2 protein chains.
Amino acid sequence: MPRRHKTPEERQRLKMLILDAARQLFIERGIEAVSMREIAKRMAYSPTTIYLHFADKNDLLQTLCDNDFLILANDLQHINASSKQDITEQLRQLCTAYSRYALAYPNHYRFMFMTPKPVNSKEKSRIRQGNVEQDAYAFLRSMVTQAFEQQVFRPELQNIDLIAQTMWAGIHGVCALEISMIEDDWVDWQPIEQRVFLMQEALIQGLVRPRPVH
Amino acid sequence: MPRRHKTPEERQRLKMLILDAARQLFIERGIEAVSMREIAKRMAYSPTTIYLHFADKNDLLQTLCDNDFLILANDLQHINASSKQDITEQLRQLCTAYSRYALAYPNHYRFMFMTPKPVNSKEKSRIRQGNVEQDAYAFLRSMVTQAFEQQVFRPELQNIDLIAQTMWAGIHGVCALEISMIEDDWVDWQPIEQRVFLMQEALIQGLVRPRPVH
DNA sequence: CCCAATAACTTTACACCGTTAAATTAACAG
DNA sequence: CTGTTAATTTAACGGTGTAAAGTTATTGGG
């Protein structure tokens, strides 16, 4: 029973309904269970209705993802609050918070950082790039910049993006291996907390200028 | 035109034919183009013939993967040859060789280490686990063990697997981000060689006992 | 007040996919 | 020569994403 000229609020509500159904399916039964037909079934609409609000499946997933990026960025915010602590301690906390997020929502994380995406996805995103409150990379980068200005890194390290990307890659590596290989009993995996912790410490030790020995 | 009692050699040859077709498709058009039907078309058989030699698609891909694991392990072998060099230099070379492999065959790498696999895959593998010449993790682990015995690591690091897994995760992180995010222009990615190099150095610096300062 | 326009939604359809079951073919054993 | 059986194909099932066409029912304009 269609109504002509749905209000923008109603259109938004339906869009949310789609996203909610998708997210629920995503969480309950994993990413491979998320099909357009399944989403539609769950919200008691026909599959093609979804295409009135999203260009295609990827667009839908991308939108779903945007939300998760915001949640991640938001999770990181509270670190800065306790800014009495020194900057390396804050970097440590950043590593911990990031890995906690990744391991708490492995399905989301997989889609966010472990799946190649079409190139056009940036323009459509509603996240404001570079905004520290919405863009987790920007947050990391700004923290690294702070540390850099306090000259905590080894003197030969002069490229802020390179430092930030290396830290990211380190923690990402631990989380990504955990998510992909958790079922694999080929390797005698050590506890994930220990792996995160050692990576974090190794990165700090490896990148930070050694304290002068008296 | 079926022949009764195909010889084991012929059966093996057909199996190879399937694997070759799959691999070629894999390389040419990416993993999502590798469908049973496409493979069959390429080798001018019917799709169902494949199922006479492989249990299902995953079994096929797993077998394909086994080969790549062997190639990786083989790529690493020659590092030990030049064993005159000190062990940290060998660890550096291991990092470089690993990342070179990952970035040269991103599709293979994706499937090997960035895709969750069913649990039963180990039993069927023809790779001998723990064999340094066939198992890349065993190779890394043995090299870390050597280094450990020479007491090159920081004294608080006593868990060999933990050290090995952390080194792996670091390099994996760089490669995995590169492979997944290469198209992403959100982040101002620094050159991949620099990212690999800094990770490698950070890991060494972070894990290795500092030389005593005179 | 009525009717045509159109937004909202559904039905149908296409071309794929992995996989199974049944049918077909042809070489061999007796 | 014939029945058996291995090798292979055809047909089919239930799934996928998505495009095109069809169906309503409300609404703005004459």
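What you see is a predicted model; the values in this text were computed from it and never measured.
In this model, no side-chain donor or acceptor of T48(B) finds a partner on the base of dT20(C) within 3.5 Å.
Using a 4.5 Å heavy-atom threshold, the side chains of Y137(A) and F69(A) count as separate.
Here dA22(C) presents its P atom at 16 Å from CG of L52(B), a figure rounded to the nearest Å. Spacing between atom CG of D56(B) and atom C1' of dC17(C) amounts to 14 Å, rounded to whole angstrom units. Computed from coordinates, the M36(B) CE to dC16(C) P distance equals 18 Å when rounded to whole Å. One interatomic measurement links the two molecules: CD1 of I18(A) to P of dT18(D), which rounds to 13 Å at whole-angstrom precision. The CD1-P distance, from I39(B) to dT8(D), rounds to 17 Å in whole Å. Spacing between atom CG of D59(A) and atom P of dG17(D) amounts to 14 Å, rounded to whole angstrom units. The nearest whole Å value for the distance from the CZ atom in R37(A) to the C1' atom in dA19(D) is 12 Å. Computed from coordinates, the L17(A) CG to dC9(C) P distance equals 11 Å when rounded to whole Å.
Mapped onto DNA chain C by nearest heavy atom, P47(A) and S35(B) fall at different nucleotides, with P47(A) at the one closer to the 5' end. Comparing V34(B) and T49(A) by the nucleotide of DNA chain C that holds the closest heavy atom to each, the one mapping nearer the 5' end is T49(A).
The residues E89(A) and R92(A) are annotated as salt-bridged, a charged nitrogen and a carboxylate oxygen being separated by less than 4.0 angstrom.
E38(B) comes within 4.0 angstrom of the backbone, heavy atoms only, and of no base. Residue contacts shown for I50(A) are absent, as no nucleic acid heavy atom lies under 4.0 Å away.
The shortest non-hydrogen separation linking G30(B) to N107(B) is CA-ND2, 3.8 Å.
Contact check, S46(A) against dC9(C): no side-chain N or O comes under 4.0 Å of OP1 or OP2.
Looking at the side chain of Y51(A), the nearest of the listed nucleotides dG17(D), dC9(C), dT19(C) is dG17(D). In the set dA7(D), dT19(C), dT8(D), dA7(D) carries the atom at the smallest distance from any side-chain atom of R11(B). When distances run from any side-chain atom of K57(A) to the nucleotides dT8(D), dG18(C), dT18(D), the shortest one goes to dT18(D).
A side-chain donor from one of W186(B) and D135(A) sits under 3.5 Å from a side-chain acceptor of the other. Between the side chains of Q24(A) and E28(A), at least one donor N or O sits under 3.5 Å from an acceptor N or O.
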